[in-house]
Amino acid sequence: EAKTRGRGRAAFFDVQLRERLQRYLELEQDLRSAVDRGELWLAYQPIVNLHANRVGGVEALLRWTHPVHGQISPDEFISMAEESDLIHHIGSWALSTAIEQVAEFRTRYGLDLRVKANLSVRQLEDPGLPEAVDEALRKSGLSAKSLSLELTESALMHDPVTATRMLRELRRYGIRLAIDDFGTGYSSLAQLLRLPLDSLKIDRSFIDGIARSHDAEALVNSIMAMAHAVDLAVIAEGVETAEQLEVLRRLGCDQAQGYYLGRPAPIEDLAGTIDLADRRMRIE
Ligand code: C2E
Ligand code: MG
Ligand code: MG
Ligand code: MG
């Protein structure tokens with residue numbers, strides 16, 4: 001009897017595995033034409049400046065609306081794109097679209113808004129990237145200092161020599177650079193701080209407990225002190241409550257981003273999203 005049950009379970013896992021593989025292969029195939037079909041779009045999340053008490057920028061986040069499967073998480077489809085060369089096509093589309101849309105938005109609303117965009121580790125391999133970004137900036141009229149590119153700790157540490165060369169080149173054009181998801185990697189802090197960077201985003205797993213636990217607060221406080229000591233601006237991500245925002249403000253955090261301040265939204269809703277975040281800051 002046990003044998004039959006065992007076999008049944010094996011068959012069940014087999015079906016599950018096959019279904020997952022099938023979905024993967026199907027999505028990977030569809031992703032190839034997603035850009036050309038207009039299925040990819042960017043959501044923008046407000047980032048507040050905690051010294052000025054207002055929105056100072058936005059982060060552009062990729063979205064894929066699949067015609068059959070609906071919203072696919074970027075964590076799923078970006079790693080898919082990274083496994084093929086597709087990431088270069090998708091990455092440069094996202095970057096130039098973010099630059100273009102934010103430039104247009106700034107002109108329309110007369111706002112001095114900065115834009116943060118995410119770079120994949122694979123894009124560091126592309127020696128043509130800095131020039132391509134520069135060209136997109138020129139075409140849009142956005143100044144380089146209004147653009148900040150985010151790289152995760154693991155992306156920076158994957159090949160520090162290549163990363164350093166790329167960061168220096170991007171900086172030569174005046175583009176700002178940030179470490180994303182800080183604290184989730186296992187990189188050497190000393191090595192990380194040697195890179196030419198402008199800001200550090202503390203991963204939301206560290207922000208989660210700061211209103212409940214003194215240890216969590218102390219940890220964030222020490223990350224912040226260390227970052228400030230080497231002149232990096234600090235951004236807290238994943239701020240979900242007023243209490244967390246209050247702690248961050250008291251600790252001297254520079255910028256904050258999270259569902260409490262505003263969720264990522266399509267460009268059509270950005271003016272309203274910024275307005276809500278600004279009002280939230282005035283009530284505080
Ligand atoms: P990320 O760059 O660290 O982006 C922050 C993620 O946290 C976003 O997830 C955002 O929607 C989410 N988030 C923001 N505030 C909160 C909050 O208060 N609570 C919680 N629980 N989550 C919050 P999303 O949009 O699903 O993106 C996931 C990741 O996909 C990004 O993490 C980034 O690494 C990657 N990604 C997104 N767009 C791009 C892109 O254009 N290029 C590349 N290479 N990667 C991208
Ligand atoms: Mg990011
Ligand atoms: Mg992040
Ligand atoms: Mg992340």
Side-chain angles (χ1 to χ4, degrees), residues 42-63 71 73-76 78-79 98 113-120 148-156 176-187 189 192 197-228 232-266 269-270 273-274 276-281 283-284:
L42 292 171
Y44 293 92
Q45 186 175 34
I47 302 173
V48 301
N49 180 318
L50 294 178
H51 307 299
N53 277 318
R54 59 194 300 247
V55 173
V58 291
E59 178 172 9
L61 294 157
L62 254 178
R63 294 291 178 263
Q71 294 301 320
S73 153
D75 287 320
E76 185 174 5
I78 285 165
S79 61
L113 206 64
R114 294 185 169 190
V115 57
K116 284 188 141 62
N118 296 280
L119 274 192
S120 155
S148 175
L149 299 178
E150 302 187 352
L151 282 147
T152 60
E153 236 183 295
S154 53
L156 290 168
R176 309 275 159 103
L177 300 159
I179 316 179
D180 203 349
D181 300 349
F182 179 80
T184 56
Y186 298 91
S187 37
L189 205 57
L192 205 58
L197 296 158
D198 303 275
S199 60
L200 179 154
K201 267 194 173 182
I202 303 179
D203 191 69
R204 69 163 180 269
S205 55
F206 292 92
I207 305 306
D208 193 41
I210 54 169
R212 293 189 306 268
S213 141
H214 285 291
D215 286 354
E217 181 186 317
L219 189 55
V220 167
N221 196 26
S222 60
I223 294 174
M224 217 166 324
M226 176 206 78
H228 281 158
L232 294 178
V234 177
I235 302 143
E237 60 177 17
V239 178
E240 295 183 346
T241 68
E243 291 74 25
Q244 291 169 341
L245 190 66
E246 200 36 55
V247 174
L248 289 165
R249 205 201 295 272
R250 175 160 52 74
L251 296 180
C253 188
D254 304 295
Q255 297 169 44
Q257 169 183 9
Y259 293 167
Y260 176 69
L261 297 156
R263 287 183 183 254
D269 300 339
L270 184 55
T273 302
I274 289 176
L276 279 174
D278 276 341
R279 260 189 274 169
R280 190 134 268 188
M281 294 307 286
I283 306 167
E284 289 284 322

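We count residues from 1, following the sequence as given.
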Report summary line: Hits for side-chain contact (heavy atoms from CB on, under 4.5 Å) against D278, two or more places apart or cross-chain, chain-then-number order -> R54, V55, I274, R282
Requested in this report: Could you pull out all residues at least two apart from A98 that satisfy side-chain contact (heavy atoms from CB on, under 4.5 Å)?
Outcome: L42, Y44, A60, V115
Query - A43 versus P264, closest heavy-atom pair with distance - result: CB-CB, 3.8 Å
**Report entry** Side chains of L50 and L245 in contact at under 4.5 Å (non-hydrogen atoms)
**Finding:** yes
Report task. Check V58 against P46 and note the closest heavy-atom contact, atom names and distance. Result -> CG1-CA, 4.2 Å
Report task. Look up atom SG in C253 and atom CE in M224, then write down how far apart they are to the nearest 0.5 Å. Result -> 4.5 Å
**Report entry** Nearest-0.5 Å distance that lies between atom CG in L197 and atom CD1 in I179
**Finding:** 5.0 Å
Report summary line: Contacts of E76 meeting side chain to side chain donor-acceptor pair (under 3.5 Å) (sequence neighbours excluded), chain-then-number -> R23
Report task. Please name all residues satisfying side chain to side chain donor-acceptor pair (under 3.5 Å) with S154, sequence neighbours left out, ordered by chain then number. Result -> T152
Report task. Ignoring hydrogens and angles, tell me if any N or O in the side chain of R114 forms a donor-acceptor pair with the backbone of S148 under 3.5 Å. Result -> no
Report task. Would you list the pairs meeting salt bridge (charged side-chain N to carboxylate O under 4.0 Å, His left out) in which at least one residue belongs to residues 210-228, sequence neighbours left out? Result -> D208-R212, E217-R250
Query - Heavy-atom check, side chain of D181 versus side chain of E237, under 4.5 Å - result: yes
Report task. Identify the two heavy atoms, one from A265 and one from T273, that lie closest to each other, and give their separation to 0.1 Å. Result -> CB-OG1, 3.7 Å
Query - N118: partners by side chain to side chain donor-acceptor pair (under 3.5 Å), with sequence neighbours left out - result: E59
Report task. Can you measure from CG (D269) to CG (L276) and round to the nearest 0.5 angstrom? Result -> 10.5 Å
Query raised in the report: What closest approach, in Å, do Y260 and T241 show between heavy atoms, and which atom pair accounts for it?
Result: CB-N, 3.7 Å
Report summary line: Between the CG atom in L232 and the CG atom in L200, the distance rounded to the nearest 0.5 Å is 6.0 Å
Query - Spatial distance of atom CG (L192) from atom CG (L156) [nearest 0.5 Å] - result: 6.0 Å
Report task. Only counting residues at least two apart or in another chain, list the ones meeting salt bridge (Lys or Arg N to Asp or Glu O under 4.0 Å) with D198. Result -> R171
Report summary line: For D75 and S79 the tightest heavy-atom approach is O-OG, 3.3 Å
Report task. Measure across V239 and L248 and return the closest heavy-atom pair with its distance rounded to 0.1 Å. Result -> CG2-CD1, 3.6 Å
Query raised in the report: With E153, which residues qualify under salt bridge (Lys or Arg N to Asp or Glu O under 4.0 Å), at least two apart?
Result: none
Report summary line: Taken in chain and number order and not counting sequence neighbours, the residues that satisfy side chain to side chain donor-acceptor pair (under 3.5 Å) with S120 are E82
Requested in this report: Indicate whether the side chain of Q257 and that of K116 have a donor and an acceptor atom separated by less than 3.5 Å.
Outcome: no
Query raised in the report: Between atom OG1 of T184 and atom CZ of R204, what is the distance when rounded to the nearest 0.5 Å?
Result: 10.5 Å
Report task. Tell me, please, which residues at least two apart from D254 pass side-chain contact (heavy atoms from CB on, under 4.5 Å). Result -> H51, H228, A233, V234
**Report entry** Set of residues satisfying side-chain contact (heavy atoms from CB on, under 4.5 Å) with respect to A211, sequence neighbours excluded
**Finding:** E243, Q244
